[in-house]
Amino acid sequence: MTAPLIADLFLLAILAIGRQEVHDGTVGADGISPIDILVFFLTLAYIAISIDASGLIRYLAFKVLQMGNGVGHRLFFYLYAFFFALGSFIGNDPIILSGTAFLAYMTRVSSNIVHPRAWIHSQFAIANIASAILVSSNPTNLVLAGAFNIKFLVYTVNMIVPVVVTAIVLFPFLLYIIFADVSLIPVSIEMHELSEEAKAKKPVNPNIPHARVGAEEEAEEVNEENGKLLSLEEIMNPFLDKGGAAFGAIIMAATLITILALNASSSSGHERPVFWVTLPAAFVMFCWDLATGWVHRHETREIAAERRQQHEAILAERQSRASAQNSPDQNAQDNLPSQPFTTHDSLPGSLNTHTGPGAVISSNGVKISIDTKTSHDFSETTLPASALDEKEPFPEIQFSGSTSKSHGDFASPTSPKQVQPHVTGGTDSERRAGGFQAEPSQPTNLVSLCGDVYRWLQETFPTVTVVFSHLPFPLVPFALAMFVLVQALVTKGWVPVFAYGWDHWVEKTGTIGAIGGMGFLSVILCNVSLQRYTYLSPQIY
C-alpha cells in the first residue's frame, strides 16, 4: 500500500508527473474510472463477506466434507469443484477468508495429513481462476470491460470456456504431479471423531469476541488434543445464521442479475456506473446486519462476557503456572506440602494467587517471603488458614520497599521505608475488607476509549464489525496510486514504446502468438505487479 504512494510522491517531488497524471489516475481517463470501480468492488464485497460471516460458506464446506466420506482424492475433487463454483459468483475474497480457515482446521484434525499446503494452495489457485468468469468477481475484469466497452454478458460468454478448460486441465496436475504425496493428499483421510455431546452442543457465533475459548492459546499448548477438539467442533458443528445467509444470498443474486440485465440492455455497455446497483444493495444488507445485531444484542453480550471471563481465567492460570515454573526459589518449591495445587480449580472458592519469585504458599496458610535489594535477609509472615475463605478468592498481594529482620510485621518502626501492600486481584469489597490499598486504575485516554467503543460494537453488532474488519480497504490507496503510475507511463510515452514492440510480435506470430504471448507475460508480470499490468492492455491495443 505504501510503495506506490511513495513512488507517486517521489515523482511529484521531482516534477516527473503533475496534476494531469494525478487527475486522470484518480478521476479517470480512457474509459476507466478508478473511483467507480473501487466503490463497486467494496460494496459488492460487503455483501459477499456478510454472506461469509453468516457461516454459509463454512456450512457448505462441511456438507462437501461429508460427501467426501474420508476418501482423499474424492474429497480433494469435491472441495476443488466447490470453491470453483462458489468463487465464480461471489469472487475470490470470501473464499480465501473462510475457506482457508476451514481447510486449516480440517487438515489439523486429520491424523494423516502432514501439511495443509496442497489443500490451501489449490484453493488459492482455483478461487482466482474462477473469479475471471464474471466481471463483478474481480476489479481487473471491470477495468478491462470498461476500457473496451465490453458488455458484461459478452465478457462472460467469451471467458467461461477458457476458464472452465483451465480448471479442468489444472486439477490432474495438482493432484498427480504437484502434490503427488500421500502425506499431503492421502488415499484415505482419518479424521478425529467428535463426541455426541459436542455434536449436540449449540454452535456459537464465531464473530462474537472470544467465542471459541482456548482458540487463541491452542497453538501454544504443549498438549494439542484440546486445540484439535476445538478445531473439530469448528468444522463438524459449524455455526449458521440461516436468516442472514438466506437474505444475503437473495441480495447477491438479485444484484448480479440486475447488473447483467441493465448492462446487456444498454447500447454501449456502461451508460450508468455499476455501483448505482451495488451501493443500494450493500446498504440494504448493512441495515439487515445492524437490525439483526440489535435484536440479538442481549444474547451476544451475555455470550461475550461469559467467554471473556473464561478467556481471562485461562490466561491467568497460564501466567501463574509459568511464574511457578520460572521461580528461582527451588528449595521453597521442594518444601511444598504433600497436597500442592497447580490451578485455581483445586482450591476452595477458586483461589488463584499470583506470587512473585520470593513467595511460598503452604497448606496451613500463606507464607510470604519478601526479597530486598540491600540485603539477602528476608522477613516473612504467615497468614492463618482462616484467611482462605471458601466463598471469596484471596486477592493477589505484591510488596514494595525495603524490610528489616523483624518477624510478625511487614517492617519494623526503624525501617527506612515501610512496605505498602497492593492488591491486584479481587473485588472492591474484598480489598476494603482486607484493609489493603488498591492500585490506582489506569487513566482514561483516547486509546482506551476507542478500545471500549470497538469492544461494544463487537458485542452488539458482531456481523457488521467482522465484515468491516475484512473489507479490503487497503486496496483503495494502493489501486489509486497504481492508476496514477500507469497514467504516468501513458503520458510520458512508455506505453507507445511497449505497443511498438508488441506489434512486431503479433505480426510474426499471429493470433495464437498474440494470445499466448499476452498470457505468458500476464502470468509472469502479475507475480511482481499484482495483476495491474492488465491496466496497460487497453492503451497497448
Side-chain angles (χ1 to χ4, degrees), residues 48 51-92 94-131 133 163-164 167-176 178-196 198-201 203 206 228-242 245-246 248-249 252-253:
I51 295 174
D52 174 43
S54 68
L56 180 61
I57 296 179
R58 289 187 295 270
Y59 180 78
L60 294 177
F62 163 65
K63 291 300 181 181
V64 174
L65 181 62
Q66 288 183 325
M67 293 172 56
N69 198 23
V71 181
H73 291 185
R74 183 196 301 171
L75 178 59
F76 185 80
F77 170 74
Y78 284 167
L79 288 174
Y80 185 89
F82 167 70
F83 289 133
F84 176 81
L86 203 59
S88 301
F89 292 97
I90 65 175
N92 53 359
I95 301 298
I96 302 302
L97 288 174
S98 186
T100 304
F102 175 85
L103 293 176
Y105 294 149
M106 185 198 75
T107 54
R108 178 181 174 84
V109 299
S110 173
S111 59
N112 57 343
I113 297 180
V114 178
H115 199 281
R117 63 174 175 266
W119 305 81
I120 294 179
H121 289 182
S122 299
Q123 174 210 234
F124 292 164
I126 196 59
N128 284 282
I129 291 172
S131 66
I133 294 180
V163 170
V164 171
I168 294 175
V169 173
L170 177 64
F171 176 76
F173 275 89
L174 293 175
L175 181 60
Y176 297 111
I178 306 299
F179 302 119
D181 191 339
V182 292
S183 64
L184 301 177
I185 307 177
V187 177
S188 177
I189 299 178
E190 300 175 3
M191 303 286 291
H192 294 275
E193 293 294 333
L194 192 64
S195 64
E196 295 297 331
K199 292 180 181 179
K201 187 188 302 182
K228 289 183 178 180
L229 178 61
L230 292 171
S231 300
L232 192 62
E233 291 181 3
E234 184 78 6
I235 64 173
M236 302 303 291
N237 190 21
F239 169 81
L240 176 62
D241 178 12
K242 296 181 180 180
M252 174 62 80

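Keep in mind it's a predicted model, so treat the numbers as computed, not measured. Each residue takes its place number in the sequence, starting with 1.
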S.K.: How long is the span from the CD1 atom in Ile185 to the CG atom in Leu174, to the nearest 0.5 Å?
M.R.: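 Those atoms lie 8.0 Å apart.
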S.K.: Listed by chain and number, what are the side chain to side chain donor-acceptor pair (under 3.5 Å) partners of Asp181, not counting sequence neighbours?
M.R.: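 For Asp181 the side chain to side chain donor-acceptor pair (under 3.5 Å) partners, ignoring immediate neighbours, are Ser183.
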S.K.: Please check if the side chain of Thr107 supplies one atom and the backbone of Ala104 the other of a donor-acceptor pair under 3.5 Å.
M.R.: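 The answer is yes, because a donor-acceptor pair under 3.5 Å joins these two groups.
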S.K.: If you define the side chain from C-beta out and look only at heavy atoms, does anything of Phe124 sit under 4.5 Å from Thr100?
M.R.: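 SC-SC contact between Phe124 and Thr100 confirmed.
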S.K.: Kindly compute the distance separating OG (Ser131) from CD1 (Ile126), expressed to the nearest 0.5 Å.
M.R.: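 Rounded to the nearest 0.5 Å, the OG-CD1 separation comes out at 10.0 Å.
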S.K.: With side chains defined as the heavy atoms from C-beta onward, is the minimum distance between Ile51 and Pro94 less than 4.5 Å?
M.R.: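 Counting from C-beta outward, Ile51 and Pro94 never come under 4.5 Å.
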S.K.: Got a sec: does the OH of Tyr59 have more than 12 other heavy atoms crowding it under 6.0 Å?
M.R.: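 No, the 6.0 Å shell around OH holds no more than 12 heavy atoms from other groups.
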S.K.: When the side chains of residues 65-89 are checked against the rest of the protein, which donor-acceptor pairs come out under 3.5 Å, sequence neighbours left out?
M.R.:
residue, atom, partner, partner atom, Å
Tyr80, OH, Ala167, O, 2.7
Ser88, OG, Phe84, O, 2.7

S.K.: Minimum heavy-atom separation for Phe102 and Ala61, please, with both atom names.
M.R.: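 Closest pair (atom of Phe102, atom of Ala61, distance): CZ-O, 3.5 Å.
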S.K.: Throw together a table of side-chain donor-acceptor distances under 3.5 angstrom for residues 112-121, partners on residues two or more places apart or in other chains.
M.R.:
residue, atom, partner, partner atom, Å
Asn112, OD1, Ser110, OG, 3.0
Asn112, OD1, Glu190, N, 3.2
Asn112, ND2, Ser188, O, 2.6
His115, ND1, Arg117, N, 3.1
Trp119, NE1, Leu184, O, 2.9

S.K.: With rounding to the nearest 0.5 Å, note down the distance linking CD1 in Ile96 to CG in Asp52.
M.R.: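 Separation between the atoms: 11.0 Å.
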S.K.: Taking all heavy atoms of Pro206 and all of Arg58, pick out the closest pair and write down the distance.
M.R.: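 Distance-wise, the nearest heavy atoms are CG-NH2, 3.5 Å.
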